[in-house]
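Have a look at the structure below, then the notes.
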Amino acid sequence: MSSTKDGTMIILSSPSGAGKTTLVKLLSKKKNYHISISHTTRKPRQNETDGKDYFFTDEKKFKDLINKGEFLEYAKVFNNFYGTALPPVQSKLNKGEDVIFDIDWQGTQQIKDKKLKYKLITFFVLPPSKEVLFERLSNRDMKDKVIVEERMKEFNKDVLHWKNYDYVVINDKLEDCFNEICSLIKSKKNEIKDNYSSSFIEEHVNKLIT
Ligand code: 5GP
């Protein structure tokens with residue numbers, strides 16, 4: 001049972017390029033949520049800093065951390081390992097601070113299965129259209145066509161996981177999506193009824209994958 005003094009875990013997942021990382025940074029800046037910094041074996045992108053965006057590590061070190069039981073969750077995504085170390089997250093939550101996670105559906109499922117004592121709110125972020133997704137992926141610093149194509153292919157598979165999340169939000173206008181997430185977090189944290197409805201999501205997903 002979560003104590004009212006404990007912090008809340010807020011997860012944002014999405015197919016790559018839906019704008020989730022921007023939302024996570026905005027939520028952290030405006031709402032003071034701590035971002036959980038993951039470990040990854042992926043190489044840093046041009047604008048990324050070790051210890052700020054990720055803890056960049058090699059596969060050997062990552063596997064050592066797995067063997068030591070350091071991870072709350074970990075997964076292989078696009079041929080690289082990504083994982084969340086438990087101790088820093090736990091210490092924030094125990095102090096009553098909220099922690100936000102930018103992780104994929106595999107990690108979300110692992111965290112849900114662990115049934116920790118902390119309150120957990122999960123969001124799945126969708127792009128408004130496949131065209132916008134392609135544009136967003138192509139505009140990233142990496143500008144690597146092979147990666148963009150690989151991630152577009154993954155999209156149709158990844159998007160199907162929306163059903164395992166508390167809320168699905170469409171990131172068309174960043175500010176609107178941010179406000180929607182904030183309002184849903186507020187309702188869920190305070191156990192107030194919200195007016196969220198997922199009835200239109202299935203239709204939106206079908207449009208995205210055809
Ligand atoms: P990127 O390489 O674009 O930064 O991230 C690729 C994917 O890995 C994204 O969907 C991101 O949410 C996910 N990811 C980042 N960190 C973690 C993590 O610690 N665990 C899991 N399971 N996924 C992560």
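Whatever order the structure lists them in is the order used to number ligands and atoms, beginning at 1.
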**Asked** Which word best sums up how the rings of Phe81 and Tyr74 line up, parallel for under 30°, tilted for 30 to 60°, or perpendicular for over 60°?
**Response** tilted
**Request:** Tell me, with the steps shown, if Asp166 and Thr122 meet side chain to side chain donor-acceptor pair (under 3.5 Å).
**Result:** CA-CA 5 Å; Asp166 297 325; Thr122 62; 3.3 Å; yes
**Asked** Short N/O distance, under 3.5 Å, between Ser38 and ligand 1?
**Response** yes
**Request:** List the steps, then state whether side chain to side chain donor-acceptor pair (under 3.5 Å) holds for Thr40 with Ser38.
**Result:** CA-CA 6 Å; Thr40 182; Ser38 301; over 6 Å; no
**Item:** Short N-O contact, Lys189 and Asp98, less than 4.0 angstrom
**Value:** yes
**Stacked cation flag Lys130 on Phe155, 6.0 angstrom / 45 deg** = no
**Message:** Looking only at distances, can you tell me whether any N or O atom of Ser16, backbone or side chain, sits closer than 3.5 Å to an N or O atom of ligand 1?
**Reply:** no
**Prompt:** Of all the atoms in ligand 1, which lie at a distance below 4.0 Å from a heavy atom belonging to Gly107?
**Reply:** 22 (N)
**Asked** Can an N or O of Ala75 be found at a distance shorter than 3.5 Å from an N or O of ligand 1?
**Response** no
**Request:** For ligand 1, note which part of Glu48 has a heavy atom under 4.0 Å away: side chain, backbone, both or neither.
**Result:** neither
**Request:** Using a 4.0 Å heavy-atom threshold (strictly under), name the region of Arg151 that reaches ligand 1: side chain, backbone, both or neither.
**Result:** side chain
**Message:** Looking at ligand 1, is there an atom of it that comes within less than 4.0 Å of some heavy atom belonging to His39?
**Reply:** no
**Request:** I would like to know whether Asp113 and Gln109 meet side chain to side chain donor-acceptor pair (under 3.5 Å); could you show each step before the answer?
**Result:** CA-CA 6 Å; Asp113 291 345; Gln109 195 54 53; 3.1 Å; yes
**Complete:** Among Asp104, Ile37, Asn80, Thr21, the residue with a heavy atom nearest to atom 23 (N) of ligand 1 is Asp104
**Asked** Is the closest N or O pair between Arg42 and ligand 1 shorter than 3.5 Å?
**Response** yes
**Request:** Output the list of atoms in ligand 1 that are nearer than 4.0 Å to some heavy atom of Thr84, sorted by atom number.
**Result:** 19 (O)
**Request:** Taking only Lys NZ, Arg NE, NH1 and NH2, and the carboxylate oxygens of Asp or Glu, determine whether Lys30 and Glu175 approach each other closer than 4.0 Å.
**Result:** yes
**Item:** Ligand-residue contact atoms, ligand 1 with Lys20, heavy atoms, under 4.0 Å
**Value:** 9 (C), 10 (O), 11 (C), 12 (O)
**Request:** Would you please determine whether Glu73 falls within less than 4.0 Å of ligand 1 on a heavy-atom basis?
**Result:** yes
**Message:** If the threshold is 4.0 Å, N to carboxylate O, is there a salt bridge linking Lys145 and Glu149?
**Reply:** no
**Asked** For ligand 1, is there an N or O atom under 3.5 Å from any N or O atom of Tyr54?
**Response** yes
**Request:** Flag the pair Glu154 and Arg151 as a salt bridge only when some basic side-chain nitrogen lies within less than 4.0 angstrom of an acidic carboxylate oxygen.
**Result:** no
